[in-house]
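The block underneath contains the structure these notes are about, expressed in structure tokens.
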Amino acid sequence: MSLIGTLSLSDAQEILWDVVVIGAGVAGSVVAREAARAGHRVLLVDKRHFPRRKVCGACLNDVALNVLLQIGLSDEIEAFGGPQLNRLTLHCGSRAITVPLPGGRAISREGLDAALIRAAIDMQVEFLPDVFAKVGRINTDSRVVRLQQAGHETCLNARAIVVASGLDGLGLPNSDEWTTRIVPSSRVGAGCVIDDSSDDYQAGTIWMAVGAGGYAGLVRVEDGRINIAGAFDRDYLRRHGSPALATKSLLEKAKFSIPRQLLSADWQGTVPLTRTTTPVASCRVFLIGDAAGYVEPFTGEGMAWGLLTARHVTCFVGQAVSARQWSPAIANDWKTEYRRLMQSRQRFCRLWARLLRSPTLVSLTLSALAAWPWLARRIIERVNSHSEHERLAHECRS
Ligand SMILES: Cc1cc2nc3c(=O)[nH]c(=O)nc-3n(C[C@H](O)[C@H](O)[C@H](O)COP(=O)(O)OP(=O)(O)OC[C@H]3O[C@@H](n4cnc5c(N)ncnc54)[C@H](O)[C@@H]3O)c2cc1C
């Protein structure tokens, strides 16, 4: 069901907003809802119409599920009945391992993102879809957000702006205030969701095929469709001619079956994946989720990172709302908190991304994991650990 806006662009313009959130992906909807829950007047804006598709492996790991549980959104997740994830089957060349997963859920991004927006609206967040937004100039006690819809441009003011606009950095102005660094060898993402009534790709298992030029993950989502998402070297994609053919080649090498609609599916692509944007906070503006930085998706943590940063930034956003005079200390505190929250997670993921460039190393790693299953368990536990997050959440609240 289509999600319509809760107010018009001209009505939105009349209000001095406490918080404007640019981007209604997982990070944006959750921070909007959390800020409204804290009593702020919040506007959530997205350039797309919802439900919308998004290139993603569609796997919520344990950390992500835990954040959703903590903020009271577990019923929304349960309502999907998306398969519980209990196994990861990884193939590289002639090697293969299957390891148990401690938890997780496979839910389509069309479904999940729309449900999180609905939950934000239920918390009195105002929602404006089909509106392109950009951070604008600084006022004494607020900051401008520039909005465009169907050729019409307008501006409004907010005490705090959260940029949750995803990978392509479109919510930020082209100015010296921010710098985006893209790793030159970064892979690009591609994905699709297909109907498939075969018995292949049993629900509850993540199927990963890893090759020299990239990797692809397949999983059944809540309605039985197969979600496919991969990260590819740009050269590898060019050589194969399309993401569908690149994926087919990876699946064949892994001896996975080829879904019938693979080649005719409606594929979407992404910009290069591994990047950082700095600073993650500037005058009345906070960056979260992919907008702040992203590393190749092999460990499947992107949504958890988006949700963690959404939850943790809320107290800094509250400080910005209360500050009539902007204090750079608020920005510095979010930078420190962001680093504490993300640095080791992103470093760990970057390590995997590097390892994946060498099929020989991957093959050796798979042999080691097959010989010492406890090692695989430790790695999976590391990705799904939320103890550090709990500690930080506690500090933030107190
Ligand atoms: C191939 C691949 C596989 C992945 N697999 C997984 C996985 O299995 N599990 C996992 O947890 N993560 C995975 N990820 C990562 C995950 O998809 C992202 O980390 C996550 O979606 C980030 O959420 P976000 O809210 O920051 O951004 P997004 O979900 O990208 O949302 C950003 C929103 O901002 C909107 N927007 C952008 N610019 C503007 C603008 N100027 N004005 C208004 N709106 C704007 C967009 O329309 C979009 O709706 C994967 C990523 C890729 C590429």
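Every number for a ligand or one of its atoms is a count from 1 in the order of the listing.
With sequence neighbours excluded, no residue forms a side chain to side chain donor-acceptor pair (under 3.5 Å) with Thr274.
Below 3.5 Å of separation, one finds an N or O of Gly57 facing an N or O of ligand 1. Residue Tyr294 has at least one nitrogen or oxygen atom sitting less than 3.5 Å from a nitrogen or oxygen atom of ligand 1, judged on distance alone. For ligand 1, the polar-atom distance check finds an N/O of Lys47 within less than 3.5 Å of one of the ligand's N/O atoms.
For the residue pair Glu296 and Tyr215, a side-chain donor N or O sits within less than 3.5 Å of a side-chain acceptor on the partner.
Of the inter-residue distances, the one linking Thr277 atom OG1 with Tyr294 atom OH reads 14.5 Å to the nearest 0.5 angstrom.
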Notebook entry, point to check: Between Arg350 and Glu301, is a salt bridge (charged side-chain N to carboxylate O under 4.0 Å, His left out) present by the stated rule, with each step listed?
Noted result: CA-CA 12 Å; Arg350 236 175 248 126; Glu301 289 179 275; over 6 Å; no
Next item on the list: For side chain to side chain donor-acceptor pair (under 3.5 Å), just list the numbers for Thr179 and Thr278, CA-CA rounded to whole Å, side-chain angles, deciding distance to a tenth of an Å, and then say yes or no.
Entry: CA-CA 5 Å; Thr179 311; Thr278 50; 4.8 Å; no
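Using a 4.0 Å cutoff on heavy atoms, Ala164 counts as a contact of ligand 1. Proximity of Val131 to ligand 1 is established by a heavy-atom distance of less than 4.0 Å. By the 4.0 Å heavy-atom criterion, Ala58 is counted among the residues contacting ligand 1.
Heavy-atom proximity to atom 42 (N) of ligand 1, evaluated over Cys56, Gly25, Ala106, Ala133, is greatest for Ala133. Of the options Gly191, Ala231, Ala216, Gly230, the smallest heavy-atom separation from atom 1 (C) of ligand 1 is shown by Gly230.
Which parts of ligand 1 touch Glu301 is read off a 4.0 Å heavy-atom cut-off, strictly below it: atoms 11 (O).
Aromatic ring pairs are classed by plane angle as parallel below 30°, tilted from 30° to 60° and perpendicular above 60°; the pair Trp334 and Tyr338 is perpendicular.
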